[in-house]
Protein chains: 2
Amino acid sequence: MRKVSQMVGVSTATVSRALKNPEMVLPETRDKVLKAVEALGYRPNILAKNFSSGKTQTVVVIVTDLTNPFFSRIVQGVEEEAQKLGYSVLLGDTNDDINRERVYAEMVLNNRADGLIQLDHLFPFADKDKEIAKTVPMVSVCDAIDGDYAYPYITIDNFAASRDVAKHLISLGHTKIGAIAGRDDSHVTSDRLGGLMRVMQEHSIPFNQDWFMRGGYTKQCGKESMEKLLALADRPTAVYCFSDEIAIGAIKAIKNHGLRIPEDISIVGFDNVDICEYMDPSLTTVDQPAVDMGRRAMQILFQLINGEPIQSITEYKPYTLLVRDSTGPVPN
Amino acid sequence: MRKVSQMVGVSTATVSRALKNPEMVLPETRDKVLKAVEALGYRPNILAKNFSSGKTQTVVVIVTDLTNPFFSRIVQGVEEEAQKLGYSVLLGDTNDDINRERVYAEMVLNNRADGLIQLDHLFPFADKDKEIAKTVPMVSVCDAIDGDYAYPYITIDNFAASRDVAKHLISLGHTKIGAIAGRDDSHVTSDRLGGLMRVMQEHSIPFNQDWFMRGGYTKQCGKESMEKLLALADRPTAVYCFSDEIAIGAIKAIKNHGLRIPEDISIVGFDNVDICEYMDPSLTTVDQPAVDMGRRAMQILFQLINGEPIQSITEYKPYTLLVRDSTGPVPN
DNA sequence: TTGTATGCGTTATCAG
DNA sequence: CTGATAACGCATACAA
């Protein structure tokens, strides 16, 4: 910048103004400065800018598993919006490791980032940082952050979505309904389970605890859980999987077992990732607007960072039950 | 930091040394400093550190489509290694938009990042930055950067892998072999196509240009390409897809068309993403060690950033042809 | 409108 | 071994 100012014969302050507040500078001077900038190939040093301003124009996104396409689509949404708002995205794939979660959360405390988007329900900070963490801009997607915090979050109405799933299965004649959940400690899980149980109860259908499995959101977990269900003497005729990944694993287990979908067992997934349409059979699932949720999370984080007021802590996005070929009438 | 120094009664320089070069400071002083740091909850301001050092300890990863699980696994590898080496990863999902590519590439020129990992073969910088770009630490994965550059890259021997695929199909009796490529302008494509054609030639099998389709690496493109092949009067009995995503789309098209795999048409994929094993039929594919490739790219980038010598521009990783159920004997 | 001067937090240099 | 001080590049308050 000094070189530019010398070349034009003005002060560095003028150069700075010409670039950042063009209207504060004579058009004539401005043009000369811009020409010199061009000629010298000057690039503002963002490090200095950040240092001086105390802002990084960067946000951290914490995700447990980037290979889950539902999460990667949310990240895409976050990033798209971040770029529009002039922010960069630091990726934090934790691989379910709590220590890495801490590392990424610390980035906000260290001024490496201005805010945090959590695609999980865990409070990512260490206990000793609890207090200071209350002041950091953070938004979560899908679920509220565990504990007594007031961070905003974007989600869908999991309870209502589950009711729709339950009604769909019951309308097909199913009464022996099982479920495979991803985690056993999140609101998402309890809301989805709650919606399912409520509707079953309304129809006087008993809920069999033996048909409720818990594990991760992965294909592998889905396969293992389904294998356990298949080993039961009395099996469910429909299984509601709390993610498409789980459903994919479950379907594999069922086919390995020599059974057909949906003739022998109906399967419902959750998320509506791309692959659902390409599955055989195509997967009945609940569509979550992943990209939109990511975008919206970034918008709200932006407001938080800039001290703007937030309308509401919880923001619900629309969901849709997509009935495809993996669900069918109950077998006789 | 000033507070800490005042509390202990030393200078800020001593505090800095106690934290960064503990051996340069009396153990006694050091302990006092560390205690004060703890007591005051002092956190080094990374912005200031970066500014002072001119380094960001950050790298940018440019990826065209994060939802492709092959890419997201490479990114996972990059990130894992980056964290080990003390670096953060700025994510740059370009969605095939050349402008976004530029934006991310500029981050290195602006001192927002110290290096760049390109998961694509495009030269990401604008023409005007061509010269300066030659000095930036950059590594690519899968393919060499287009143009006359000497950036290191990590890949597999695509030519040899394709030869293995071709031999496998020919050993099953196939002579009518088609292919669906992702792009028509990369080394990856020409190497894979070259390996296939070479082996066919060695077996005096003609290569039919009508059976060679080009498009993106997506499921959608795979489906569309396959539909065109199916519409042909004379169809291939085996189709080699240059990504698993393409293969998934192709399989859907074949099933929609009422044909069976592999009884009517054999399908080979590429990459060995997780879903391959869960497909019906499970997908014959070429395994690429995605996580390793990402890790290694980060290691080499690290060397580049630190001015260490690179052994070789090209680094080949081992691949494996995994024969599963989507390939079978040629139909009569 | 423009120039001068200062500060941001850390590290490095040099002196003590 | 430790203290004082300069320097990094930019933005801005204040002066002219």
Side-chain angles (χ1 to χ4, degrees), chain A residues 1-38 40-58 86 88 106-114 132 305-306, chain B residues 1-37 40-58 86 88 106-114 132 306:
Chain A
M1 187 154 103
R2 205 167 47 226
K3 280 185 199 161
V4 174
S5 67
Q6 285 169 350
M7 184 173 178
V8 185
V10 296
S11 72
T12 57
T14 305
V15 176
S16 172
R17 282 188 281 251
L19 292 171
K20 208 179 140 68
N21 303 75
E23 72 283 1
M24 287 180 65
V25 134
L26 273 183
E28 194 184 312
T29 320
R30 198 178 61 215
D31 289 347
K32 280 196 287 187
V33 168
L34 295 181
K35 239 168 242 152
V37 163
E38 191 71 24
L40 291 169
Y42 163 78
R43 297 172 179 287
N45 181 332
I46 297 205
L47 257 58
K49 188 185 296 191
N50 289 346
F51 171 57
S52 183
S53 68
K55 293 289 177 190
T56 57
Q57 298 295 107
T58 299
S88 314
E106 288 235 324
M107 289 182 175
V108 185
L109 304 177
N110 287 339
N111 295 316
R112 214 196 204 32
D114 300 337
I132 188 164
I305 289 172
N306 294 294
Chain B
M1 187 155 102
R2 204 167 48 227
K3 281 185 200 161
V4 174
S5 67
Q6 284 170 349
M7 183 171 177
V8 184
V10 296
S11 72
T12 58
T14 303
V15 176
S16 174
R17 281 189 282 252
L19 292 171
K20 208 179 140 68
N21 303 75
E23 72 282 2
M24 287 179 65
V25 133
L26 273 182
E28 194 184 313
T29 320
R30 198 178 61 215
D31 289 347
K32 279 196 289 188
V33 168
L34 295 181
K35 239 167 240 152
V37 162
L40 291 169
Y42 162 78
R43 297 173 180 285
N45 181 334
I46 297 204
L47 257 57
K49 187 186 294 192
N50 290 345
F51 172 57
S52 186
S53 68
K55 294 288 176 189
T56 57
Q57 299 295 107
T58 298
S88 315
E106 289 235 325
M107 289 182 175
V108 185
L109 304 177
N110 287 339
N111 295 316
R112 214 196 205 30
D114 300 337
I132 189 168
N306 294 294

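So that the names make sense, note that chain A is the first sequence line, chain B the second, and so on, each numbered from 1. Atoms considered below: every heavy atom in the structure, side chains included; atoms not considered: hydrogens, waters and symmetry mates. Keep in mind that what you see is a predicted model, and the values were worked out from it rather than measured.
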Notebook entry, point to check: Contact boundaries of DNA chain D with chain A (under 4.0 Å, heavy atoms), 5' to 3'?
Noted result: D/dG9 to D/dA13
Counting only pairs under 3.5 Å, give me each side-chain donor-acceptor contact of residues 26-33 of chain B, with atom names and distances, residues two or more places apart or in other chains.
| unit_1 | atom_1 | unit_2 | atom_2 | d |
| --- | --- | --- | --- | --- |
| B/Arg30 | NH1 | B/Pro22 | O | 3.4 |

Checklist line | Over all atoms of both residues, closest heavy-atom pair of B/Ala36 and B/Val8 | finding: CB-CG2, 3.5 Å
Check: If you take all heavy atoms of A/Thr56 and A/Ala113, which pair is closest and at what distance?
Finding: OG1-CA, 3.3 Å
Checklist line | Partners meeting salt bridge (Lys or Arg N to Asp or Glu O under 4.0 Å) with B/Arg43 (sequence neighbours left out) | finding: A/Glu106, A/Asp129
Item checked: Residues that A/Met107 engages under side-chain contact (heavy atoms from CB on, under 4.5 Å), provided they are two or more places apart -> A/Val60, A/Leu90, A/Tyr104, A/Arg112, B/Ser88
Next item on the list: Sugar-phosphate atoms are those with a prime plus P, OP1 and OP2; base atoms are the rest. Using that split, label each nucleotide of nucleotides 1-13 of chain C B, S or - for protein heavy atoms under 4.0 Å, 5' to 3'.
Entry: SBBB--BBBBBBB
Next item on the list: Report the residues that fulfil side-chain contact (heavy atoms from CB on, under 4.5 Å) with A/Thr12, sequence neighbours left out, ordered by chain and then residue number.
Entry: A/Met1, A/Arg2, A/Ser5
Item checked: Terminal axis angle for the helix from C/dT1-D/dA16 to C/dG16-D/dC1, five pairs an end, nearest 10 degrees -> 40°
Check: Which residues satisfy the side-chain contact (heavy atoms from CB on, under 4.5 Å) test with A/Lys55, sequence neighbours excluded?
Finding: A/Ser53, A/Gln57, A/Asp114, A/Ile305
Notebook entry, point to check: So, do A/Leu34 and A/Leu19 sit near enough that their side-chain heavy atoms are less than 4.5 Å apart?
Noted result: yes
Note to self: I'd like to check the side chain to side chain donor-acceptor pair (under 3.5 Å) partners of B/Asn50; sequence neighbours left out, ordered by chain and number.
What the structure shows: none
Check: Can you list every side chain to side chain donor-acceptor pair (under 3.5 Å) pair that touches residues 14-23 of chain B, not counting sequence neighbours?
Finding: B/Ser11-B/Thr14
